[in-house]
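In what follows, every chain begins at residue 1, and chains take the letters A, B, ... in the order their sequences are listed. All heavy atoms count here, side chains included; hydrogens, waters and symmetry mates do not.
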Amino acid sequence: MELNKTFQHKEAEENWYAHWMQHSYFSSKPDQRDPYTIVMPPPNVTGVLHMGHCLNNTIQDILIRRARINGKNACWVPGTDHASIATEAKVVQMLREKGIQKGSLSREEFLKYAWEWKEKYGGIILQQLKKLGCSLDWDRTTFTMDPDYYRSVTGVFTDLYQKGYIYRGKRMINWDVNAKTALSDEEVIRKETKQQLCFLRYQIEGSEEYIQVATVRPETIMGDTAVCVHPKDERYLHLHGKNVIVPLINRVVPIITDEYVLMDFGTGALKVTPAHDTNDYQLGLKHNLEVIDVLNEDGTLNELAQIYIGEERFKARKKIIQELQEKGLLLKTEEYTSEVGYSERTDTVVEPRLSLQWWVDMKKLVNPALEVVLKEDIRFYPGKFKNLYRHWMENIKDWCISRQLWWGQRIPAWYDEKGNIYVAPTLEDLHQQYPETVNLQLKQDEDCLDTWFSSWLWPFEVFKGYSQPGNQEIVYYYPTNTLVTAPEIIFFWVARMVMAGMEYKKEIPFREVYFTGIVRDKQGRKMSKSLGNSPDLLELIDKYGADSCRFGIMISSPAGNDLLWDESSNEQGRNFSNKIWNALKLLRMWESNGLSEENESENDDFASLWFQNRLSEARTQIDQLFKEYRLSEALKTIYSLIWDDYCSWYLEWIKPPFGEKIKSERYEKAVAFAEELMHLLHPFMPFITEEVYHHLRQRKEGDDLIIRQSKKTENPDNLILQRGNLLKEVITAIRDARTQNQLKPKDAIVLLIESSDHSLYQPFESILKKQINSSDIHYGAPEAKGSITVVVGTDKFYLQGNINADINIQKDTLLKDIAYYEGFLLSVEKKLSNERFIQNAKPEVIDLEKKKKSDAEAKLNSLRETLNAL
RNA sequence: GGACUGCUAGCUCAGUUGGUUUAGAGCACUACUUUGACAGAGUAGGGGUCACUGGUUCGAGUCCAGUGCAGUCCACCA
């Protein structure tokens, strides 16, 4: 079959993915082999594939494919997360565009829309992963709101409630006025924000005197129930026990004292608004202050504010500032920058708000989960995240898990008319467990659970490890091997999965966690939708091919650091594909030219002998790099093995002279090496490798690269490797001399080698001849001048024949070399003549320096001899 | 404010317990080559006082301290 000029990625991708699916190569069932399990971090149903997913899933696919060819039963589980708040926001927006307000719908009606939306868009991201070549076990696709999964979530809630790990309490929470729900601390992003610090005048009751108070949130003054000063602050001693009048609404509130107030910040006088600030709330509790919440759940002012009722909080702020100014109550404003909390999902400023929510008492779960990481039962790559994990775990706070949303697992708590709480996974369970409730008027809690309250069960619940504990699958696949995820969700997800795993399986959920870097653009900016600097991955795959995109992102992905991604790395991947493709074409061309059956002894084929050992050497390196999760370097090693060692050296070495046939044995070896190379590269670039593998030979049904098993790595013969390096060195040096002396490639030379050991060169004489275009090779010293001399090591190579050697060029080169080695020798001699060095350095280091010295001397001798001979 | 990480060629990165040459690779760059696998190529070349300042040591890119710059995470100062 005639091969295309270049690799046609589109056809190959479609064909091979379909072929692999047809043969169920991705699907895994428990068997005698060791499992290798990865659970995919489930992307949000709202998501579309971006560069982060590309990186993350490429890494997972590499690990899975490598495990598969290393004889493991590889199982990679896909799925999606219902993403409570993000999805609900999308659905609300979709409805709004249709002219439907969420508030006008019943819960059931809304959920119907939400499920429709999920069915329509929820699977897109998984389909996109197929384009990337991900070898996921699709039969295992799980959704965090699948019926069984749902029940496990409410089951876990019930269990934790019964153990007393979950409680309901009225506390300050982070309120998202846009999504109208509570958020956990982790869902609040703090950002530096410029604000106006307003200095306000609060009049002392029954006096003309004023006290100054600074605030960045003047719209909350209507919730003030005190002004607080430090008890020792001399400026305010005379005001202790007095009252002040809150501006605009003229509420009379007391001046209280507390050491919490910083005397040197602002004016040293703090307005206390217990309903709208966590610290103020604590102060309020301590001093028994009234809590006046002036905001509605959507962030508008309510009746308790008395003024600007119904106005949005920031509009109200402006108006209040203006009114205060007009009334002379605003003394000044200063620009002030501080950290302000924003909702991770809706990016609106979060309001501290007092409300009744459900909480997990994390102290009950934290210890085993901390221990397994400290003991390194679970290993983090890179290791620096261990400290981060530890710090968070040691300072853990209770987890607010209730959300005022409809999309998600509804909290399985029911209230009777007296306000008693009953908790059970389902209503049926409840009736069964508490028969007295059958006849009660029960009302289920309106709220949903935080998304992460379901995804923390992921590593075991995808195998039904909670709903059917002890089933064959969970026993076989759990603990999983590697978790590959972004460091951003170490607290949201990783830590909580460890807790859930330890609590419910009494075992770690995964043995190793590989944290990927953040994908940044060329300017180092984080890729994000809002910046619009995130390229469309599907377009890239279409343009360069999935293999090239995988190559591109992996080659620029240093272990444990962020990666700066640039489209040109895809070009490098494409060029590499093309290089491989052309090597294949060369092999096929040789075959179609016919093979020569002429015999040759093993010793005649130095090239294959060398490459065999070079391959073993590379394999050893790659094995080690994989162990350390240095995937980028493993890829670089393979890249150079294929491009430099196989294509540039090996294939050139075995290439038959033009018009001649290649010897059959050599050809067979070259094909076998190509198979090995494709096998090594396959985890990184699955499509082209499978395609090439099938072009190399006729394959039987089921002989596919994706399942071909690796051989044991053999130790390389270092002597052979050294000989190979010598050969390369000599070729390079002579080629260099040829160029410098302007010899044309066509001009053949005669090579004379002067060496103390001719046997060094004899094994690869024929290769050398071909590579430097030499008609003949002799050994010995030159009889006359006029040749070009090249020194490699201490051996001399004379290029003779019909040439005009330019003595000056050679002199320049030699003098440069001599200067270098003289300098080098000087530094070594300096070291060796230093008595303290001789006294203190290890003997092997001294020996080494001595060897360096004698080597350099010998080299200098050779160079000087050569110079003199000119 | 606290903690962590990084700073090596134009760019992205290696450099493993301090001594294997007077610091490497890949891209990019420059020159030359060009009908026999591949111009998406080949051959060669230029390019770095290893962020800075001190210190330890016979010896520092590597260890220590400080400084600077960048980034990440954490923290309730109005």
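Relative to the ring axis of A/W399, A/R496 places its NZ or CZ within 45° and under 6.0 Å from the centre.
At a cut-off of 3.5 Å, with distance as the only test, no side-chain donor of A/K579 or A/S577 sits close to an acceptor on the other residue. For the residue pair A/E567 / A/Y544, a side-chain donor-acceptor distance below 3.5 Å is found, with atom types taken as modelled. No side-chain N or O of A/T620 forms a donor-acceptor pair with one of A/E617 less than 3.5 Å apart.
A sub-4.0 Å separation between OP1 or OP2 of B/rC38 and a side-chain N or O of A/R588 is absent. The shortest distance between the side-chain N/O atoms of A/K744 and the OP1/OP2 oxygens of B/rU33 is not below 4.0 Å. The phosphate of B/rU21 has neither OP1 nor OP2 within less than 4.0 Å of any side-chain N or O from A/Y821. An OP1 or OP2 oxygen of B/rG40 is reached within less than 4.0 angstrom by no side-chain nitrogen or oxygen of A/Y544.
Among the nucleotides B/rC13, B/rA41, B/rG19, the one closest to any side-chain atom of A/L564 is B/rC13. The nucleotide whose nearest atom lies closest to any side-chain atom of A/N582 is, among B/rU12, B/rA37, B/rG19, B/rA37. Picking from B/rG40, B/rA44, B/rG42 the nucleotide with the shortest atom distance to the side chain of A/T732 gives B/rA44. In the set B/rA78, B/rG19, B/rG15, the nucleotide with an atom closest to the side chain of A/V845 is B/rG19. Relative to the side chain of A/F265, the nucleotides B/rU20, B/rA78, B/rA37 differ in distance, and B/rA78 lies closest. Listed nucleotides B/rU43, B/rA78, B/rA37 differ in distance to A/S338; the shortest reach to its side chain belongs to B/rA78.
Between the P atoms of B/rU72 and B/rU67, the separation comes to 22 Å (whole Å). Look at the C1' atom in both B/rG47 and B/rA23: the space between them is 13 Å, to the nearest Å. Nucleotides B/rA3 and B/rA14 place their P atoms 26 Å apart, quoted to the nearest Å. Nucleotides B/rG48 and B/rA25, compared at atom P, are 14 Å apart to the nearest Å.
Within the shown strands, B/rC32 is the pairing partner of B/rG42 under the Watson-Crick or G-U definition, both distances less than 3.5 Å.
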Any chance you could lay out the salt bridge (charged side-chain N to carboxylate O under 4.0 Å, His left out) test for A/R313 and A/E219, step after step, and finish with the verdict?
CA-CA 7 Å; A/R313 54 187 169 154; A/E219 73 279 13; over 6 Å; no
Do A/F515 and A/F385 pass the ring-ring contact (aromatic ring centres under 6.0 Å, His included) test, and can you show the C-alpha distance, the side-chain angles, and the key distance before you say yes or no?
CA-CA 8 Å; A/F515 289 103; A/F385 289 109; 4.6 Å; yes
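Residue A/L329 is tested with A/C198, A/P218, A/P247 for a side chain to side chain contact (heavy atoms under 4.5 Å, CB included); the sole match is A/P247. Between A/Y514 and the options A/F380, A/F626, A/Y629, a ring pair (Phe, Tyr, Trp, His ring centres under 6.0 Å) holds for only A/Y629.
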Sub-3.5 Å pairs of nitrogen or oxygen atoms, protein against nucleotides 57-60 of chain B:
| residue | atom | partner | partner atom | Å |
| --- | --- | --- | --- | --- |
| B/rC58 | OP1 | A/R836 | NH2 | 3.2 |
| B/rC58 | OP2 | A/R836 | NH2 | 3.0 |
| B/rC58 | O2' | A/N834 | ND2 | 2.7 |

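The six-membered or imidazole ring of A/F551 lies away from that of A/F684, with a centre-to-centre distance of 6.0 Å or more.
Between the side chain of A/K384 and the base of B/rC4 there is no donor-acceptor pair of N/O atoms closer than 3.5 Å. Counting atom types as modelled, A/Q572 pairs no side-chain N or O with a base atom of B/rA28 as donor and acceptor under 3.5 Å.
With rounding to the nearest 0.5 Å, the separation of CG in A/L860 from OH in A/Y821 is 8.5 Å.
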Go along nucleotides 70-76 of chain B 5' to 3' and tag each nucleotide: B for a protein heavy atom under 4.0 Å from its base, S when only backbone or sugar atoms are that close, - otherwise.
-SSSSBB
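Across all strands shown, A/N578 has heavy atoms under 4.0 Å from base atoms, whether or not it also approaches the sugar-phosphate. Among the heavy atoms of the strands lying under 4.0 Å from A/Y820 is at least one base atom, whether or not backbone atoms are also near.
One atom, CG of A/N773, and another, P of B/rU33, lie 17 Å apart when rounded to the nearest Å.
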